Structures are given as structure tokens and as C-alpha cells.
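In this text the structure is predicted, and so the values were computed from the model without any measurement.
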Amino acid sequence: MTAAATSAVLFDIDGTLVDSNYLHVHAWSRAFAEAGYPVEAWRIHRSIGMDGATLIETLTPGADERVRAQAKQLHSRYYADSAPLLRRLPGARELLQAVHRLGVQVVLATSAPEDELSMLREVLEVEDLVSAVTSAEDVDVAKPKPDIVEVALERAGVVPAHAVFVGDTVWDMTACSRAGVVGLGVRSGGVSAAELEASGAQRVFDHPLDLCQHLDDTPVAALANIVGAR
């Protein structure tokens, strides 16, 4: 048996591995305005990382379902239009390669819809490193509820104590904490270290490259020792 069979690092994608959060903010801002329910950009940014339905309900209190449905549809269109602007964050592939070399599974634990996930995976170019993937199709309600994390654990075949979650939002940290998984935060999604730590992050790094450069000093390194892989 290898460590890959019993341990995993679960990665959020938006804002964690791909520089996409502010593209989402812009797409949602345009969508809400066109649907007749303008929302300030800072409020949208504070909600990025939530389950999509929860984000809409949070940002449009009192709006009818027609407005919400239109906003969701428009966001998808405007975000797709911005696809050429998507970029891997510094060190994203290198981080996943480092985890893979440890003999630990790399799992993409995202709640992005399938169409968005397809774009993100094309930008990441890490299919050779990934053991399992989740999407919005896998749960009824995603972050901050722990469901998507629990699905990722199940697909990887690991228990919470043998996993680490890497994310960029307070919703990521809340979800992994509720699932009993240690969380590491990155600031590349635009959330402060203090907020990530208050939401449960054990440590916070600037971006994937920063985490990669300090990987041996994190709980990720310990995952490789579960079955003596190092």
C-alpha cells in the first residue's frame, strides 16, 4: 500500500489555483445590474466561494426567482466571455507536482459548475497529476456546508484525518473545518490571512508557489508518512 491510497490533498480551484475570483466579481456585477438588481462589487467579492445558489440568495434578498434565474444565466455568459483572461496562479502546477511526488493524491475539490470546471481544467493543465475531481453536480448545496469536501474524501477513499484542504476563502475554511479536515489558506483569492485563520486555516500563504516552497513545514508533508512513503 502507498500513501496515495490513504492520503490526499484537496484543492479548491477558483482563487486557489487559478486567478479567477475577480473575473467572477465582474461577471456577477454585470449580471446583477442587467437583471435589474445592482450589487456593489465588494459585496460580491465577499461572497465568492459560496455555493452559487447561496451567493445569489445572500446578495439579492427579496428578489423574485425570475431576477435570480436571469442573474445566474448572465453570470455564466459573462464569465465564459472572460475565459481568455484566466491564468494559473504562481506555482499552481509546481505545487500539485510536489504533492504528487510525495505519493499523496491530488484531488480537485471544487463546487464549480461543469462548464466552468472545464475551462479551469484547460487552464490548469494538470490532468496527469489528478486522482479525483468534484463539481457542483455532486451536491445540492456546496460551501460553506461540508458536503463537497465529504464527496472529495469519499472519491479519494481517505478519512478526514488523512487529508488536507487548500483554499482561498472563508467559505473554504469553514467547509473543511466542518468536515474535520485541516485547512491551509492562500491569499490569492483576495481574502486576508486574519480572516482565513479566524475561519479555521491552520496556516496561510500568499499563493500556491509560497505554499510549495514551504510544503515540508506543513501538514501536507506528514501525509506522506502515513504509510512510510518518505
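- Judged by distance alone, with hydrogens and angles left aside, the side-chain atoms of H207 form no donor-acceptor pair with the main-chain N or O of S188 at under 3.5 Å.
- The backbone N or O of V130 sits nowhere less than 3.5 Å from a side-chain atom of H100 that would complete a donor-acceptor pair.
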Apply side-chain contact (heavy atoms from CB on, under 4.5 Å) to residues D12 and L17 and explain how you reach the verdict. CA-CA 7 Å; D12 174 61; L17 299 175; over 6 Å; no

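- S47 approaches T58 most closely through the heavy-atom pair OG-CG2, 4.4 Å.
- Closest heavy-atom contact between G183 and C176: CA-SG, 3.7 Å.
- Taken from CG in L55 to CD1 in I44, the straight-line distance is 8.0 Å, to the nearest 0.5 Å.
- Linking Ile, Leu, Val, Met, Phe, Trp and Tyr whenever their side-chain heavy atoms come within less than 4.5 Å leaves L209 and L196 in two separate clusters.
- Both V67 and F32 belong to a single network of hydrophobic side chains, linked directly or stepwise wherever heavy atoms of I, L, V, M, F, W or Y lie under 4.5 Å apart.
- The only member of I13, V25, D14 that meets side chain to side chain contact (heavy atoms under 4.5 Å, CB included) when paired with S20 is D14.
- Shortest non-hydrogen contact noted between V164 and P219 is CG2-CB, 3.9 Å.
- In this structure, H24 has its ring center closer than 6.0 angstrom to the ring center of Y79.
- With hydrogens and angles disregarded, no donor-acceptor distance shorter than 3.5 Å links the side chain of D210 to the backbone of F205.
- For Y37 (side chain) and P61 (main-chain N/O), a donor-acceptor pair under 3.5 Å exists by modelled atom type.
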Verdict with supporting geometry, V99 and V220, side-chain contact (heavy atoms from CB on, under 4.5 Å): CA-CA 8 Å; V99 171; V220 174; 4.2 Å; yes

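- Atoms CD and CG, from Q213 and D206 in turn, are 10.0 Å apart once rounded to the nearest 0.5 Å.
- Residues V18 and L89 are members of separate hydrophobic clusters, defined by side-chain heavy-atom contacts under 4.5 angstrom among Ile, Leu, Val, Met, Phe, Trp and Tyr.
- The two residues T60 and R68 have their closest heavy-atom pair at O-NH2, 2.8 Å.
- Between L95 and the choices V186, L129, L211, the side chain to side chain contact (heavy atoms under 4.5 Å, CB included) rule is met once, by L211.
- Atom CG of L117 is separated from atom CD of E122 by 11.5 Å, given to the nearest 0.5 angstrom.
- When atom types are taken as modelled, the side chain of R121 and the backbone of E127 share no donor-acceptor pair closer than 3.5 angstrom.
- Follow the hydrophobic side-chain contacts under 4.5 Å out from V39 and you never reach Y78; the two are in separate clusters.
- Atom CG of L86 sits about 8.5 Å away from atom CG of D19, to the nearest 0.5 Å.
- Among all heavy-atom pairs drawn from V158 and A163, the shortest one is CG2-CB, 4.2 Å.
- Of the possible polar contacts, one joining the T16 side chain to the D168 backbone as a donor-acceptor pair under 3.5 Å is found.
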Let me see the working for H75 and E116 under side-chain contact (heavy atoms from CB on, under 4.5 Å), right down to the final yes or no. CA-CA 11 Å; H75 165 265; E116 293 179 14; 3.3 Å; yes

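- With hydrogens and angles disregarded, no donor-acceptor distance shorter than 3.5 Å links the side chain of R203 to the backbone of L184.
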Test log, rule side-chain contact (heavy atoms from CB on, under 4.5 Å), inputs D138 and R155: CA-CA 11 Å; D138 296 314; R155 294 215 170 139; 2.6 Å; yes

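- The shortest distance between side-chain heavy atoms of I56 and W28 falls below 4.5 Å.
- A salt bridge links D128 with R93: the closest approach of a Lys/Arg side-chain nitrogen to an acidic carboxylate oxygen falls below 4.0 angstrom.
- Following chains of ILVMFWY side-chain contacts shorter than 4.5 Å, one can reach L85 starting from L124, so the two form part of one hydrophobic cluster.
- Minimum interatomic distance between L215 and A98 (heavy atoms only, all atoms of both residues): CD2-CB, 3.8 Å.
- Side-chain contact between V204 and R187: present, with at least one pair of heavy atoms (C-beta onward) separated by less than 4.5 Å.
- Residues F165 and P160 have side chains not in contact (no heavy-atom distance under 4.5 Å, counting atoms from C-beta outward).
- Q105 places a side-chain N or O within donor-acceptor distance of the main-chain N or O of A156, the cut-off being under 3.5 Å.
- For CD of E40, the number of neighbouring non-hydrogen atoms (other residues, nucleotides, ligands) closer than 6.0 Å is greater than 12.
- No hydrogens or angles considered: nothing links the side chains of S118 and D115 as a donor-acceptor pair under 3.5 Å.
- Between E125 and R88, the closest side-chain pair of non-hydrogen atoms falls below 4.5 Å.
- Screening V106, V181, V166 for a side chain to side chain contact (heavy atoms under 4.5 Å, CB included) involving V9 leaves a single residue, V166.
- The distance from the CG atom of L59 to the CZ atom of R46 is 12.0 Å, given to the nearest 0.5 Å.
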